[in-house]
Amino acid sequence: MQKKLESQINELLKNEGFKKNIRLDHVIKSLHGKAEFAFIVNPLAERSDDPFLVAKSLSQKIMDAIPLVQNAFPSETKKGKHTLVFINLKINPEELKKYRAGNIVNTLKDVLSENFGQSSKNMGKIVIVEHTSANPIAPIHVGNLRNTIHGDTFARILKATGYEVRRHFYINDVGLQIGFTVIGYEFLKKEKLYPDVKFDHWIGKVYAIMNSFYSIQTIKQNARKKDIPVSKSRYTLTATDLKKIDAYYTDKINEIKKEVENLKKEKNTKATKQKISKLNRQINKLKEESKEAEKYVATVNSLKIRFPELFDILKKNVKKIDLIAKTSEYLEKYEKGNDKSINSLFRELTDWTISAFKWTLKRYNVDFDAFDYESDITWNGSPKKIVDKLAKLENTLSLHDGTYRFTYPKQLINKMYQELKLDKKSIPIKGDIPDLQLTRSDGTALYPTKDIAYSLYKFHQFNPEKVYNVISDEQTLPQFQLLLPLYLLGEKHAAKNLIHYRYGLVELLGRKMSGRQAIYITADEYYDETKIRARMAKKAAFKQFEDETWEEEEKLLTAVTLASTRFPLIDTDPNKKIVLDLDRELDFKRNPGPFILYAHARAAGILRKAVPRRSIDEIDWKILAENKETIDIIDLLATFEQRLMDAVNDMNPSKIASWCYELAQKFMKFYEQNPILSAEEQTKEALLWVVTALKKGIATGLSILGIPAVDRL
RNA sequence: GAGCUUGUAGUUCAGUGGAAGAAUGUCGGUCUGCGGAACCGAUGGUCGGGGGUUCAAAUCCCCCCAAGCUCGCCA
């Protein structure tokens, strides 16, 4: 009807000699009851005309010419120095009733049909979502959890639009961090000191301690290279060491600052500007470096106090070896994959951690189709092949130290943009892109190179239309740097369809998280704490149902826990960083997740008492055509498909989260305004159908958010 | 220093060229009802600032300000 009316008005406008078309909109709140639709008149008025006069005469003409319109009247709003003029249209009540009744029937049937929430639009196409991919050296914490929930929810959304979705977890089991953690693990095994908590929580402590040793050794080594006379021991920084290091950096920074001052006095050319920029960058880097030493001294002290037993044993053992040397020895062996005992040591640690992850993820209702080991990618030789191919390219430099450096010349980048028809807005980096180092001087591949190999593995193995990498916005640059190498390797489909699904980091209100210091709230703690609070809230409200079994109570508490934990991580724009206020999230009144569950339970409560007997077609839907709350619910239910598509195109699952929340709110109002069970028979039947559809709508929405709907709460 | 992201009600956020919105907070109401974890009302805004494009800008462009992130033989 909106469309019909729109075209009728546009027809009229054409006949009246107007050049532009209009688009109908819903009328603003304050005019509810007086009109249903509105459109803006300003664009129709020529510069010299008064839009209000145009609107006045046009209103009359619309009323005369279009029988559907009962009344048409102009209204105006001041906005700054301008005045916006609208024509508001009141539809003939009988026509409107018919239209709305039809709308209700169609929407109800659609929602209640079997395939609601499962489109076949992308049938037969495959997409891959890679998410979580947390390093297997520390527990999953609430920071990782945003990645997990976004990835899992987005995968569910893609599935609802018909894609066959594969969910992959990339295990970074080769790399510095795991290298020294494995060494610590080996010490502890020899000393027969076994985990006294869940494995990933335990290994997180081991990692933090070993990392502090490794970092201090690195700091001291670097200091010696710079001829700073630091003390002999490998793993301790004395107060005098700190002073000497600090003095060195202060001198160095001052030197560069002087240089900058001198440059500033020179002519302000592009070259000098670039030099200044470079030097400033150096200053920043030096400042960061100079703080490192002090930071690690503090970290070591805190770790020693918090985990004394682990700390002492690890320290005792690490003193006997050169940790940096041993780490590279282990890593080299593991990368080659020939040493069986090394392989099994790395895999043992990794697999224990991953199985701990799986347990945690399962509680959050998250499953995967594949866990891909970085070591497998390395062992099959593909990173090396990629290096060989890229080395032949003109824009790849071969350096004296035996490393290869991939550069990003402007012409090549532009060529790629053009050929792949990349949308300029989707390009996250303007200007120069830093070079990418492909190998270490020992010839082994660096992480980005392996990422190229892994990307190709995903495309070649499964032939997906798209691959979404759910990775935080910190990694925008390295993710973007993947594309040109792929393009130049002739992998155009991959270069165009490898998509970085970006999201902002999570901060905790009043606390700092740091994996290196083993300071974080783990996903397990967050879940447990929420569930405990849910149990307490339930007890406080005397909400024990008489016939409730233990299993049912568990089911209810699980639903509340998932709603409370998953919802706040998904309900805002992924681009925005979020600050988790645990007190707020754990307060069920202020967290929208449980509110939605409650709405669903209320709907279920009504349907336990009564269900519609007559079919949808047997009811005269005009009786609800003027029921505002019903119309609101129906209109919202009808937008679901569109929201799904928006969520996919914008890579923004919060659109579904807010849809659920709005639906729950609208239902609460509906519930208060329309007594159902006591209503007259016809109305009661009609209202019950609305409740039935709404219940299904909420349940469908929630399942896409990975939250089970429950019938009681 | 350069680039990216963010900036809207006390707070948390919607709002991608057309009439400034919700939740929460605060204050005040509804209560023996289909489940009060609810509903209704009031309160609260130079949309970070300034310029430009447009009949029309929170929205597009430019400059500035603030916060965060990134710029490694780490991943």
Min side-chain heavy-atom separation A/N211-A/F180 under 4.5 Å: yes
Pick base, sugar-phosphate or nothing for A/R602, based on heavy-atom distances below 4.0 Å to the nucleic acid. sugar-phosphate
Within the pair A/H82 and B/rG18, is there a side-chain N or O less than 4.0 Å away from OP1 or OP2? no
Which nucleotide wins on minimum distance to the side chain of A/E672, given the candidates B/rU11, B/rA38, B/rC34? B/rA38
From B/rC39, B/rG36, B/rA75, pick the nucleotide closest to the side chain of A/Y598? B/rG36
Would you measure the distance from the C1' atom in B/rA14 across to the matching atom in B/rU59 and give it in whole Å? 13 Å
Side chain of A/R281 only, heavy atoms from C-beta on: which candidate in B/rC73, B/rG72, B/rA38 is closest? B/rG72
Please pick, from B/rG18, B/rC73, B/rG1, the nucleotide with the shortest atom-to-atom distance to any side-chain atom of A/R405. B/rC73
Between B/rU11 and B/rG49, how many Å separate the two P atoms, rounded to a whole number? 15 Å
Considering only side-chain heavy atoms of A/N575, which listed nucleotide, B/rA23, B/rA75, B/rU6, is closest? B/rU6
Taking the same atom, C1', in B/rG28 and in B/rU32, what whole-Å distance lies between them? 23 Å
Provide, to the nearest angstrom, the distance between the NZ atom belonging to A/K576 and the C1' atom belonging to B/rU5. 11 Å
Please classify the nucleic acid contact of A/P43 as base, sugar-phosphate, or nothing, using heavy-atom distances under 4.0 Å. base
Base, sugar-phosphate, or nothing for A/A38, non-hydrogen atoms under 4.0 angstrom? base
Does a nitrogen or oxygen in the side chain of A/K577 sit under 4.0 Å from OP1 or OP2 of B/rU12? no
Counting a pair only when it is Watson-Crick or G-U and both distances are under 3.5 Å, which runs of at least 3 such pairs involve RNA chain B? B:1-7 with B:65-71, B:10-13 with B:21-24, B:25-30 with B:38-43, B:48-52 with B:60-64
A/F588 atom CZ is separated from B/rA37 atom P, nearest whole Å, by 13 Å
How are the rings of A/F567 and A/Y661 set relative to one another: parallel (under 30°), tilted (30 to 60°) or perpendicular (over 60°)? perpendicular
Would you tell me if any nitrogen or oxygen in the side chain of A/R502 comes within less than 4.0 Å of OP1 or OP2 on B/rC4? no
Short side-chain to backbone donor-acceptor contact, A/D401 and A/S441, under 3.5 Å: no
How is A/D435 classified with respect to the nucleic acid when contacts are heavy atoms under 4.0 Å: base, sugar-phosphate, or nothing? nothing
Between atom CD1 in A/I324 and atom C1' in B/rC74, what is the gap in whole Å? 13 Å
To the nearest Å, how far apart are A/L477 CG and B/rG3 P? 14 Å
Tell me if a side-chain donor or acceptor on A/T218 pairs with a main-chain N or O of A/Y214 at a distance below 3.5 Å. yes
Please tell me which of the listed nucleotides, B/rC55, B/rA38, B/rC73, lies nearest to the side chain of A/D401? B/rC73
What integer number of Å spans the P atoms of B/rA56 and B/rG18? 14 Å
Distance in angstrom units between A/Q437 CD and B/rG72 P, rounded: 10 Å
Report yes if at least one side-chain N or O of A/K29 is closer than 4.0 Å to OP1 or OP2 of B/rA19; otherwise report no. no
Give A/K666 one of three labels, base, sugar-phosphate or nothing, depending on what nucleic acid heavy atoms sit under 4.0 Å from its own. nothing
Counting only heavy atoms not in A/K226, do more than 12 fall under 6.0 Å of its NZ? yes
d(CD1, A/I578; C1', B/rA67) in whole Å: 17 Å
Nearest of B/rU70, B/rA75, B/rA19 to any side-chain atom of A/Q475? B/rA75
Using only side-chain N and O atoms of A/R590, determine if any of them is under 4.0 Å from OP1 or OP2 of B/rC13. no
Quick one: which protein N/O atoms are closer than 3.5 Å to N/O atoms of nucleotides 48-52 of chain B? Pair and distance per line, please.
none

Examine the base of B/rC13 for any acceptor or donor lying under 3.5 Å from a partner atom in the side chain of A/D573, and report the outcome as yes or no. no
With respect to the phosphate group of B/rC74, does any side-chain polar atom (N or O) of A/K450 fall under 4.0 Å of OP1 or OP2? no
On the nucleotide B/rC4, are OP1 or OP2 found under 4.0 Å from the side-chain N or O atoms that A/K430 carries? yes
Mark this stacking check for A/F86 against B/rA19 as yes or no, applying ring centres under 5.5 Å and ring planes under 30°. yes
Between A/Y503 and B/rU5, is there a side-chain N or O to OP1/OP2 distance below 4.0 Å? no
Ion pair check, A/R590 and A/D587, cut-off under 4.0 Å: yes
Would you mind classifying the nucleic acid contact of A/I28 as base, sugar-phosphate or nothing, using non-hydrogen atoms under 4.0 angstrom? base
Can you check whether A/F73 reaches A/K34 side chain to side chain, under 4.5 Å on heavy atoms? yes
Testing B/rA22, B/rC69, B/rC73 for proximity to the side chain of A/T403, the answer is B/rC73
Below 4.0 angstrom, N of the basic side chain to O of the carboxylate: do A/D632 and A/K669 qualify? no
What contact category does A/R23 fall into here, base, sugar-phosphate, or nothing, at under 4.0 angstrom with non-hydrogen atoms? nothing
Comparing A/D711 with A/E374, nearest RNA chain B nucleotide closer to 5' gives the residue A/D711
Classify the side chain of A/S75 versus the base of B/rA19 as yes if they form a donor-acceptor pair under 3.5 Å and no if they do not. yes
Nearest-angstrom distance, C1' atom, B/rU30 to B/rA66: 45 Å
When the nearest nucleotide of RNA chain B is assigned to A/V174 and to A/Q665 on a heavy-atom basis, which residue is associated with the more 5' position? A/Q665
Protein-nucleotide distance (A/R516, atom CZ; B/rA75, atom P), rounded to Å: 12 Å
Side chain of A/Y671 - closest among B/rC34, B/rC69, B/rA22: B/rC34
Step through it carefully: locate the ring centre of A/F39, locate the ring centre of A/F86, and say whether they are under 6.0 Å apart. no
Figure out the NZ/P separation between A/K278 and B/rC71, and round it to whole Å. 17 Å
Got a salt bridge between A/K410 and A/D432, using NZ or NE/NH1/NH2 to carboxylate O under 4.0 Å? yes
To the nearest 0.5 Å, what is the distance between CG on A/L89 and CD1 on A/I9? 5.0 Å
Salt-bridge present (A/E335, A/K450; N to O < 4.0 Å): yes
Under 3.5 Å, is there an N or O donor on one side and an acceptor on the other linking the side chain of A/N591 and the base of B/rA37? no
Looking only at side-chain N and O atoms, does A/D372 offer a donor or acceptor that is under 3.5 Å from a partner on A/Y454? yes
Is the distance between the ring centroids of A/H131 and A/F169 under 6.0 Å? no
Answer with yes or no whether A/S441 presents, from its side chain, a donor or acceptor under 3.5 Å of a partner atom in the base of B/rC73. yes
